[in-house]
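Report on the structure given below.
As the structure is a prediction and not an experimental result, all values here were calculated from the model. When a ligand or atom number is given, it counts from 1 through the structure's own listing order. For this chain, numbers begin at 1 and follow the sequence in order.
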Amino acid sequence: MTSPVVIIGTGLAGYNLAREFRKLDAQTPLLLITADDGRSYSKPMLSMGFAKQKDADGLVMAEPGAMAEQLNAEIRTHTRISGIDPGHKRLWIGEEAVEYRELVLAWGAQTVQVPIEGDAGEWVFPINDLEDYARFRAAAVGKQRVLILGAGLIGCEFANDMSVGGFQVDVVAPCEQVMPTLLHPAAAAAVQAGLENLGVRFHLGPVLNRLQQVANGLEAHLSDGSVIACDLVVSAIGLRPRIDLAAAAGLQTNRGVSVDRELRTSHANIFALGDCAEVDGINLLYVMPLMSCARALAQTLAGKPTAVAYGPMPITVKTPACPLVVSPPPQGHEGTWRVEGQGSDLKVLCHGADGNLLSYALTGAAVMEKLALNRLLPPVMA
Ligand SMILES: Cc1cc2nc3c(=O)[nH]c(=O)nc-3n(C[C@H](O)[C@H](O)[C@H](O)COP(=O)(O)OP(=O)(O)OC[C@H]3O[C@@H](n4cnc5c(N)ncnc54)[C@H](O)[C@@H]3O)c2cc1C
């Protein structure tokens, strides 16, 4: 019997690749293996649960059984890969060996976690998948005060959504502005002001030193000496691509699992896409790039080697308190910034030395201009 094409992971990368592959090849055995419950969902919706009035179960789009049928695939859930043996084209699930024709790593990224002093670690919730979200939502029942660690894109989205959900939200982050790696300070100030208008309180600069249980909830002690009363903590301090098993198998890794434009790792029969993959030196933890990768890799797996290209990749940030679309500068490019507009409606443009648009951030009513600006942007990876 032919060995299957094996995909590790049933997130957006794994399931979209399987879908694209089945459009081209209905027959080759396909096996998806996932450490989680295999339910299909759209991860970006995790930071819109309260606005959409949906808990974790409400965000599920399909059960694994339905996905298996739709994809004509076998799906093994709650199954964690423990090793890869590229020389023999097999992987390990504990003692069990599974052979593959081609192997695709779509195993995502893991939340960065820092140890927190104090006796309340069980009240800290990282949220990076549906199961995390279910745990958070169960713990949040009857609670009113959420402390969010991290003021990046995900921290700000949760701040907006949890405010809409009726929580008092405090955000703590050791930076001078929100989304420091994505946004010009003017756009960051507009987003922060929008969230503050909702009632979100920002504590930018200090870190959380200690989290302590007290009679009526928790006390968060910050490095600047201040103390915040809260009921639970959401940790949104960052994600790190999963590379350990790939590195242990001898595959080349850097920030992510290193792959070329055909999504091929340093081993010919092993590919990677999604949050875990660093494609030609670029690791993007967004949906648009993984969709482009899924289409290209499906072609390659179906016998037509295809390189991926990334066009402009603007990100719509889900902070309705201050709508935001941002297209960060392509790696290695620097330019001159110009801020137009006022109040919450800003157009922040970055032009290169040749006068061409490199990057933008649009806030408030200015987001209406995104389509026109997208046409002027350079591709992220031509
Ligand atoms: C709250 C939030 C909001 C977001 N909003 C947006 C947005 O608005 N727009 C946008 O573009 N992007 C957004 N993103 C990012 C986007 O959702 C991710 O880039 C994308 O979902 C990653 O998909 P993935 O399949 O690569 O990884 P994941 O969804 O993390 O899937 C990884 C899979 O691998 C499995 N796995 C891991 N290790 C193993 C193992 N050893 N063995 C077996 N299986 C394993 C897991 O169980 C899982 O099935 C958001 C992310 C978050 C957390």
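Every atom of ligand 1 is numbered from 1 in the order shown, and the set under 4.0 Å from a heavy atom of A106 is 32 (C), 33 (C), 34 (O). The ligand atoms of ligand 1 that sit less than 4.0 angstrom from a heavy atom of T79 are 42 (N), 43 (C). In summary, the atoms of ligand 1 found under 4.0 Å from a heavy atom of G11, numbered by their order in the structure, are 25 (O), 29 (O), 31 (O), 49 (O). The ligand atoms of ligand 1 that sit less than 4.0 angstrom from a heavy atom of G274 are 26 (O). Within the listing of ligand 1, atoms 33 (C), 49 (O) sit less than 4.0 angstrom from a heavy atom of T10. Against a heavy-atom cut-off of under 4.0 Å, L290 is close to the following atoms of ligand 1: 20 (C), 22 (C), 23 (O).
Considering both main-chain and side-chain atoms, L12 comes within under 3.5 Å of ligand 1 through a nitrogen or oxygen pair. When only interatomic distances are considered, the shortest N/O to N/O separation between K318 and ligand 1 falls below 3.5 Å. Checked by distance only, ligand 1 and V287 come closer than 3.5 Å through their nitrogen or oxygen atoms. In terms of N/O distances under 3.5 Å, ligand 1 is not approached by N128. For I8, no nitrogen or oxygen atom sits less than 3.5 Å from a nitrogen or oxygen atom of ligand 1, counting backbone and side chain alike. Between D275 and ligand 1, at least one N/O pair is under 3.5 Å apart.
In this structure, a donor-acceptor pair under 3.5 Å is present between the side chains of E157 and S47. Using modelled atom types, one finds no donor on one side chain facing an acceptor on the other under 3.5 Å when comparing D36 with H78.
Across Y15, W107, Y41, heavy-atom proximity to atom 38 (N) of ligand 1 is greatest for W107. Of the options I315, L105, I154, T77, the smallest heavy-atom separation from atom 52 (C) of ligand 1 is shown by I154. Taking only non-hydrogen atoms, the option from P289, P44, G9, G83 nearest to atom 33 (C) of ligand 1 is G9. One option in A109, S40, A35 has a heavy atom closer to atom 44 (N) of ligand 1 than any other, and that option is A35.
A salt bridge between E196 and R201 is absent, with no side-chain N of the basic residue lying under 4.0 Å from a carboxylate O of the acidic one. Taking 4.0 Å as the cut-off between side-chain N and carboxylate O, R39 and D57 count as a salt-bridged pair.
By the criterion of a heavy-atom distance under 4.0 Å, neither the backbone nor the side chain of S82 is placed next to ligand 1.
Looking at R137, its side chain does come within 3.5 Å of a backbone N or O of K54 through a donor-acceptor pair.
Using cut-offs of 30° and 60° for the angle between ring planes, the W337 and H184 rings count as tilted. Below 30°, between 30° and 60°, or above 60°: for F125 and F136 the angle between ring planes is above 60°, a perpendicular geometry.
Summarising the local packing, CD of Q70 is surrounded by more than 12 heavy atoms from other residues, nucleotides or ligands at distances under 6.0 Å.
The closest approach between L284 and ligand 1 stays at or above 4.0 Å for every heavy atom of the residue.
When each of K143, R145, Q168 is tested with D231 by the rule side-chain hydrogen bond (donor to acceptor under 3.5 Å, both in side chains), just one qualifies, namely R145.
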